[in-house]
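Just so it is clear, the model here is predicted, and its values are computed rather than measured. Nothing fancy with the numbering, it's 1 onward along the sequence.
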Amino acid sequence: MTTATSPVLEPSDTASPRRLVTPATRAALAALVTIVLWASAFVVIRSTGAHLSPGPMALARVAVATVVLTPFVLWGGSRNAGLLLPRGWRAVLPVVGYGALWFAGYNVALNAAERHIDAGTAALLVNVAPVLIALGGGLFLREGFSRPVFLGCAVAFAGVALMASDSSGRRDGAGIAFALVAAVLYASSVLLQKVTLRSVDALRATWLGCLVGTVVTLPYAGDLVGEAQGAPASALLGAAYLGAFPTAVAFTTWAYALRRMPAGRLGPLGYLVTVLSVLMSWAFLSEVPSALALIGGAVCLVGVVVSRRRPRSRDEG
């Protein structure tokens with residue numbers, strides 16, 4: 001009698017702890033780590049940007065990230081006897097693309113934007129990117145278009161126009177333009193990275209992007225050396241933090257989550273970046289976007305949310 005019941009009890013007891021940490025849970029936790037670290041990046045960029053210009057700060061960020069990730073990549077590659085580079089030019093080209101656009105171009109554009117606008121407003125504008133990702137998926141990945149996507153785009157860009165109308169001069173307009181360029185580069189890079197993640201793990205995908213970004217931003221090396229000599233220790237620590245945490249850690253956890261979660265479920269979690277960055281900039285920098293900028297940013301996020309809604313009919317994907 002006891003032997004009959006024990007086989008039934010043992011599997012259920014051993015199965016329940018394993019189900020506490022499912023792959024979906026790990027992916028969600030990885031996404032939350034990314035959100036917190038990316039939100040902090042907007043604040044650190046704003047403070048560090050007073051001492052390091054956009055290009056040199058971008059070089060410092062991706063170079064530090066490359067140094068941090070390299071030992072883990074080499075150790076993992078030697079254990080698995082795997083290649084550091086993806087096989088074939090078709091697999092390499094997307095890596096070069098998102099490495100140059102995201103880890104180099106995006107960082108330079110965002111750094112430049114935050115010399116003109118506060119951290120919260122920059123985060124609000126950059127988070128138009130999910131709408132652009134949806135459009136890019138329809139145009140380049142043949143995912144099709146839906147009414148919510150078009151409606152969301154219209155609402156989001158109305159919000160951008162509202163924020164732009166609050167600019168008090170050319171400097172604010174330049175900041176908005178740089179932030180929108182960063183959003184376009186971010187969206188383009190996500191589409192390229194999704195292709196790469198079919199054959200490359202999250203750690204290598206991030207490391208390769210950082211490596212390409214470092215090569216692309218090397219022309220700023222002379223300026224970085226000159227500016228670093230006159231910068232306070234807090235600015236240098238800020239640049240190191242950007243490389244180690246919002247880049248090396250956060251981009252790896254992002255790639256991990258993107259590989260294991262549908263983009264439609266992962267995207268809305270990114271809206272928390274804006275909320276957290278506004279709160280962090282208020283807490284640490286005493287910066288609060290104007291009322292009109294907040295309203296415009298809220299309209300942008302509403303547009304992004306609307307664009308991610310899925311109709312109940314099955315033909316809409």
Student check: side-chain heavy atoms of [X] and [Y] closer than 4.5 Å:
X: Leu203; Y: Phe72; value: yes
X: Val95; Y: Leu208; value: yes
X: Leu276; Y: Val36; value: yes
X: Leu101; Y: Tyr106; value: no
X: Ile117; Y: Leu125; value: yes
X: Ser53; Y: Arg115; value: yes
X: Leu37; Y: Val33; value: yes
X: Leu236; Y: His51; value: no

Which distance, rounded to the nearest 0.5 Å, do you find between the [atom1] of [X] and the [atom2] of [Y]?
X: Thr196; Y: Asp201; atom1: OG1; atom2: CG; answer: 11.5 Å
X: Arg46; Y: Ser277; atom1: CZ; atom2: OG; answer: 12.5 Å
X: Leu258; Y: Lys194; atom1: CG; atom2: NZ; answer: 4.5 Å

Using the ring of each side chain (for Trp, its six-membered ring), is Phe103 parallel, tilted or perpendicular to Tyr98, with breaks at 30° and 60°?
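Tilted, since the angle between the ring planes falls between 30° and 60°.
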
Which heavy atom of [X] sits nearest to which heavy atom of [Y], and what is that distance?
X: Ala41; Y: Pro246; result: CB-CB, 3.7 Å
X: Val216; Y: Ala100; result: CG2-CB, 4.0 Å
X: Ala248; Y: Thr206; result: O-CG2, 4.2 Å
X: Arg204; Y: Val73; result: CG-CG1, 4.0 Å
X: Thr48; Y: Gly238; result: OG1-CA, 3.7 Å
X: Val278; Y: Gly120; result: CG2-CA, 3.7 Å

Assigning hydrophobic clusters by single linkage (Ile, Leu, Val, Met, Phe, Trp, Tyr; side-chain heavy-atom cutoff under 4.5 Å), is [X] placed with [Y]?
X: Phe245; Y: Phe251; value: yes
X: Leu32; Y: Trp38; value: yes
X: Ile45; Y: Leu237; value: no
X: Val68; Y: Leu224; value: no
X: Val249; Y: Val64; value: no

Between the side chains of [X] and [Y], is a donor N or O closer than 3.5 angstrom to an acceptor N or O?
X: Ser40; Y: Tyr241; answer: yes
X: Gln193; Y: Trp102; answer: no
X: Trp207; Y: Thr70; answer: yes

Aromatic Tyr256 / basic Arg260 pairing, under 6.0 angstrom, 45° off normal:
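That pair qualifies as a cation-pi contact.
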
Any donor-acceptor N/O pair, Thr247 side chain to Ala65 backbone, under 3.5 Å:
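Side chain of Thr247 to backbone of Ala65: no pair is present.
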
When you measure from the side chain of Arg259 to the backbone N and O of Leu197, does any donor-acceptor pair fall under 3.5 Å?
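It does hold such a pair.
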
Can you sort out the partners of Tyr220 under ring pair (Phe, Tyr, Trp, His ring centres under 6.0 Å), two or more places apart, ordered by chain and number?
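Tyr220 satisfies ring pair (Phe, Tyr, Trp, His ring centres under 6.0 Å) with no residue once adjacent residues are dropped.
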
Begin with the C-alpha distance, continue with both residues' side-chain angles, and end with the deciding distance and a verdict on side-chain contact (heavy atoms from CB on, under 4.5 Å) for Val302 and Val306.
CA-CA 6 Å; Val302 167; Val306 169; 4.2 Å; yes

Can you name the one residue among Leu59, Thr217, Asn111 that meets side chain to side chain contact (heavy atoms under 4.5 Å, CB included) with Pro54?
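Exactly one pass, corresponding to Asn111.
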
Residues Leu110, Phe42; criterion side-chain contact (heavy atoms from CB on, under 4.5 Å); working and verdict
CA-CA 9 Å; Leu110 180 58; Phe42 285 95; 3.6 Å; yes

